[in-house]
Trainee: 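Let me give you the structure first, and then I'll get to my questions.
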Amino acid sequence: MGFTFAEKALARAAGLPQAVAGQIVDARPDLVLSHDNTAAIAGIFRSLGLARVAIPDRLAITLDHAAPAPSARHAENHAEVRAFVQEQGIGHFFDVGRGICHQVISEEALVLPGQLILGADSHTTHFGWLGAFGAGIGRTEAAALWATGELWLRVPESLHVVVTGELGRGVTAKDLCLHLIGQLGQDGGLYLSVEFSGPAIERMPLASRMVIPNMMAELGAKNAYLRPDEPVFAWLALQRARRAAGASIPNDKAVRAQRDVIAASALYPDPDARYTAVHTLDAAAIELTVACPHSVDRAQPLSALRGTRIQQAFLGTCTNGRLEDLAAAAEVVRGRKVAPGTRLLVIPASSQVLADGLRLGYLQTLLEAGAVIGVPGCGPCMGNHLGVLAPGEVCLSTANRNFRGRMGQPDAEIFLASPAVVAASAVTGVITDPRELA
Amino acid sequence: MAQPRLDPIAQPTAGRVWRYGDGVNTDAIFPGKYTYTLREPGEIAAHALEDLDPAFAEQAQPGDIVVAGRNWGHGSSREQAVTCLKYKGVAAIVARSFARIYFRNGINQGLLLLTSPEAVEVARSGDRMAIDLARCLIHLEGREIRFPPLSPSIHSILQAGGLAPHLRERLRLSGAAPTGLDT
């Protein structure tokens with residue numbers, strides 16, 4: 001009997017020869033992520049009576065959730081985080097403006113295939129895109145990890161999602177996720193490790209792959225997994241070699257050496273691994289999909305919602321704030337204007353996305369169409385600032401979550417869709433299929 | 001932090017039921033806009049279930065029990081979605097199922113979380129419910145409903161009052177932390 005990815009990854013993290021679903025292991029994560037909540041975690045950590053973090057090299061901290069600080073209280077919180085980072089000598093610290101934790105840690109290649117990352121953020125499932133085990137934890141658990149370097153985890157059962165065929169024209173990874181969550185429900189993957197496979201996923205660009213494990217938090221999953229392949233190894237190797245080389249350009253030999261280390265770290269499920277269920281998705285049957293308020297599993301084909309009036313279109317977040325998303329939106333709005341009575345908010349997921357988007361002209365195109373460009377970070381996604389909603393307003397967003405009150409106002413409505421759909425709808429002022437723009 | 005600590009292990013808990021439905025998410029339990037500014041227990045408790053049931057923060061009494069449907073607490077990893085209820089004095093949450101991070105956060109905060117579809121089926125807002133952990137029984141409107149015993153690790157974390165006090169004890173025993181620290 002073979003092992004699933006989750007069984008192999010958690011056995012490795014716990015230093016065990018093997019582990020099986022249901023077993024509780026004491027795992028030692030390769031990286032522990034926290035963000036604006038770091039000051040609160042530090043408070044819990046100090047209450048344990050410890051002065052020094054046991055694993056300072058394994059912490060990664062970003063300021064992204066309310067960045068730059070929207071109020072004096074938020075600024076105070078950031079100041080506490082910076083003081084803590086200084087005091088503890090945390091090297092992997094990314095201050096205001098660098099971007100969203102999941103994007104930044106991916107770009108910095110701080111997590112490798114087969115590794116375990118635990119984050120005080122529910123979308124830590126994100127790191128499945130590169131074949132790592134990423135799971136969200138609470139603040140107290142993060143403090144416990146800082147103190148001891150380990151945490152108990154139950155090895156999850158696994159759901160295998162097989163994606164057959166090809167996605168249709170204009171249909172994206174986001175549509176695939178919303179469709180799947182609509183089919184299985186918000187708890188369809190509760191406590192499970194969700195493993196994906198299929199040619200449609202293998203052919204996806206890396207930026208699109210990142211959407212999938214990120215969104216699986218909305219299925220209730222503990223983690224999600226895509227099989228790491230050559231494009232993943234090559235990308236991570238280049239990012240790591242760049243980081244090591246500093247200002248100079250890394251040579252091919254350095255990149256190849258990185259690539260070999262990264263590939264050797266990858267884990268794959270055995271062909272005879274045991275799954276609680278296998279779910280087959282026919283990619284060709286997936287339509288452009290929109291999630292309706294106030295739950296991600298209220299997914300409907302866009303065709304059923306065409307014409308719904310929106311006041312705000314939001315392009316950004318850890319789900320869809322990458323370069324390919326800016327490119328898709330720019331292509332839609334090129335030569336067009338945002339509709340009167342509608343705002344288009346664009347927030348790149350990181351400073352690297354922002355720089356590349358400028359260099360390639362996507363942001364220029366978006367600006368010319370009337371978009372508002374924000375600072376890299378989470379933006380208004382969880383209602384802190386930079387584009388929260390008024391009562392009665394409707395927002396079409398590329399985010400992963402549309403809960404009531406999420407964007408700061410319980411009497412506002414949030415729909416979720418892909419970047420091209422959000423851009424097309426900004427131009428018309430109503431939910432629109434980008435393929436039908438005249 | 002002068003909250004009365006309800007010890008779910010030591011004594012049976014009893015209180016009034018606040019009944020909610022399926023899929024209640026963390027934004028409905030504690031809105032995201034407050035997560036990086038509110039730190040005081042009283043402040044956090046004041047916003048409990050704000051967008052779901054404004055009457056809760058006004059009327060809930062220490063010892064009350066939240067009863068909910070499927071996937072209670074899905075969404076964010078924010079711990080305030082647990083502590084807002086704990087600081088309000090909620091003694092336990094009984095649900096058909098819990099979201100996974102919420103379940104961990106609950107146990108780690110020393111809040112008793114029980115899965116009992118049968119109790120959820122029967123309970124209505126305002127009912128009196130008593131939970132007897134020693135005998136694994138829920139008393140509800142004249143019925144006795146059995147639930148499976150807690151796992152030993154969860155039991156010991158709850159007994160300590162949560163993961164932080166549990167860890168303080170462990171660190172003290174191992175000599176890693178200075179002793180005599182107030183918990």
Side-chain angles (χ1 to χ4, degrees), chain A residues 24 36-37 39-40 43-44 47-51 54 65-66 71 73-74 76-78 119-124 135-141 143-144 147-148 152 154 156 185-187 190-192 217-218 220-222 294-295 297 381-385 388 401 403-410, chain B residues 1 22-28 31-39 50-52 70-71 74-83 96-110 151 153-154 157 162-168 170-172 174 176-183:
Chain A
I24 289 175
D36 298 45
N37 55 19
I44 302 166
S47 83
L48 298 174
L50 297 172
H65 273 55
S71 73
R73 267 187 108 167
H74 287 93
E76 222 174 291
N77 181 55
H78 286 178
D121 185 282
S122 57
H123 292 108
T124 309
I137 55 169
R139 293 175 177 185
T140 302
E141 296 184 302
T148 65
W152 69 271
R154 182 181 175 281
Q186 59 173 236
D187 57 355
L190 190 61
Y191 293 106
L192 298 177
E218 309 313 317
K222 181 167 197 153
H294 300 284
S295 184
D297 60 2
C381 180
M382 81 298 304
N384 279 307
H385 65 153
V388 297
R401 215 165 256 167
F403 301 162
R404 190 171 135 90
R406 171 83 176 167
M407 292 179 77
Q409 173 43 252
Chain B
M1 295 284 267
D22 290 338
V24 175
N25 64 60
T26 46
D27 278 285
K33 61 190 169 195
Y34 304 128
T35 49
Y36 307 115
T37 49
L38 303 187
R39 298 253 185 105
E50 181 171 284
D51 291 342
L52 179 71
R70 278 166 56 176
N71 208 19
H74 72 105
S76 163
S77 63
R78 69 186 67 131
E79 231 160 29
Q80 299 97 320
V82 169
T83 54
R96 214 178 277 277
S97 64
F98 291 94
R100 65 160 283 273
I101 301 177
Y102 195 95
F103 185 79
R104 293 184 70 99
N105 283 345
I107 300 304
N108 289 335
Q109 289 299 325
S151 84
S153 52
I154 287 175
I157 292 172
L163 180 63
H166 185 255
L167 197 56
R168 268 195 290 272
R170 227 181 85 195
L171 293 168
R172 193 182 61 76
S174 72
T179 52
L181 261 146
D182 183 28
T183 59

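The structure displayed is predicted, hence computed values, not measured ones.
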Trainee: Measuring from L38(B):CG to R73(A):CZ, what's the distance to the nearest 0.5 Å?
Mentor: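 Going from the CG atom of L38(B) to the CZ atom of R73(A) covers 5.5 Å.
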
Trainee: Using the salt bridge (charged side-chain N to carboxylate O under 4.0 Å, His left out) rule, take D187(A) and R70(B) through it: C-alpha gap first, then chi angles, then the decisive distance, then the call.
Mentor: CA-CA 8 Å; D187(A) 57 355; R70(B) 278 166 56 176; 2.7 Å; yes

Trainee: Taking all heavy atoms of N384(A) and all of G32(B), pick out the closest pair and write down the distance.
Mentor: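 Heavy-atom minimum between the residues: OD1-O, 3.9 Å.
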
Trainee: Can you name the closest pair of heavy atoms from D51(B) and P410(A) and give their distance?
Mentor: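 Minimum heavy-atom contact is OD1-CG, 3.5 Å.
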
Trainee: Please state whether the side chain, the backbone, both or neither of R401(A) comes within less than 4.5 Å of a heavy atom of chain B.
Mentor: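 Side chain only.
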
Trainee: Name the option with the most non-hydrogen atom pairs under 4.5 Å to chain A; the candidates are R100(B), H74(B), R78(B).
Mentor: R100(B)

Trainee: Drop me the distance from W152(A)'s CH2 to L163(B)'s CG, to the nearest 0.5 angstrom.
Mentor: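 Taking CH2 in W152(A) and CG in L163(B), the distance rounds to 9.0 Å.
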
Trainee: Taking every heavy-atom pair that is under 4.5 Å apart, which of S153(B), S76(B), S97(B), S151(B) has the most such pairs with chain A?
Mentor: S76(B)

Trainee: Distance check, rounded to the nearest 0.5 Å: S77(B) atom OG versus H123(A) atom NE2?
Mentor: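 Going from OG on S77(B) over to NE2 on H123(A), the span is 9.5 Å.
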
Trainee: In sequence, state the C-alpha distance, the side-chain angles, and the governing distance for T37(B) and E76(A), and then conclude on side chain to side chain contact (heavy atoms under 4.5 Å, CB included).
Mentor: CA-CA 9 Å; T37(B) 49; E76(A) 222 174 291; over 6 Å; no

Trainee: If I compare all heavy atoms of I137(A) with all of I101(B), which pair ends up nearest, and what's the gap?
Mentor: C-CG2, 4.2 Å

Trainee: Evaluate the criterion side chain to side chain contact (heavy atoms under 4.5 Å, CB included) for residue pair R168(B) and S47(A); output intermediate values, then yes/no.
Mentor: CA-CA 8 Å; R168(B) 268 195 290 272; S47(A) 83; 3.1 Å; yes

Trainee: Just so I understand: if I count every heavy-atom pair under 4.5 Å between each of G220(A), A40(A), A144(A) and chain B, which residue has the most?
Mentor: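 Heavy-atom pair counts peak at A144(A).
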
Trainee: Quick one: closest heavy-atom pair of H74(A) and Y36(B), and the distance?
Mentor: CD2-CB, 4.1 Å

Trainee: Hey, could you give me the CZ/OG1 distance between R170(B) and T148(A), rounded to the nearest 0.5 Å?
Mentor: 5.5 Å

Trainee: Can you tell me which portion of T124(A) sits under 4.5 Å from chain B's heavy atoms? Options are side chain, backbone, both or neither.
Mentor: neither

Trainee: Only pairs of heavy atoms separated by less than 4.5 Å count here; which of E141(A), R154(A), R404(A) has the most with chain B?
Mentor: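 The option with the most such pairs is E141(A).
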
Trainee: Could you tell me if the side chain of K33(B) sits less than 4.5 Å from the side chain of V388(A), heavy atoms only?
Mentor: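 The answer is no; the side chains never approach within 4.5 Å.
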
Trainee: Does some side-chain heavy atom of Q186(A) sit less than 4.5 Å from a side-chain heavy atom of N25(B)?
Mentor: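 The answer is no; the side chains never approach within 4.5 Å.
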
Trainee: Show the nearest heavy-atom pair for residues Y191(A) and F98(B), with the distance to one decimal.
Mentor: OH-O, 3.2 Å

Trainee: Is chain A contacted by the side chain of E50(B), its backbone, both, or neither, given a heavy-atom distance below 4.5 Å?
Mentor: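 Answer is neither: E50(B) stays 4.5 Å or more from chain A.
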
Trainee: Kindly determine whether N71(B) and L190(A) satisfy side chain to side chain contact (heavy atoms under 4.5 Å, CB included), including the steps that lead there.
Mentor: CA-CA 8 Å; N71(B) 208 19; L190(A) 190 61; 3.6 Å; yes

Trainee: Below 4.5 Å from any heavy atom of chain A, which atoms of I107(B) appear? Answer side chain, backbone, both or neither.
Mentor: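 Neither the backbone nor the side chain of I107(B) comes within 4.5 Å of chain A.
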
Trainee: Can you tell me which portion of A51(A) sits under 4.5 Å from chain B's heavy atoms? Options are side chain, backbone, both or neither.
Mentor: neither

Trainee: Nearest heavy-atom pair of R39(B) and A39(A): which atoms, and what distance?
Mentor: NH2-CB, 3.4 Å

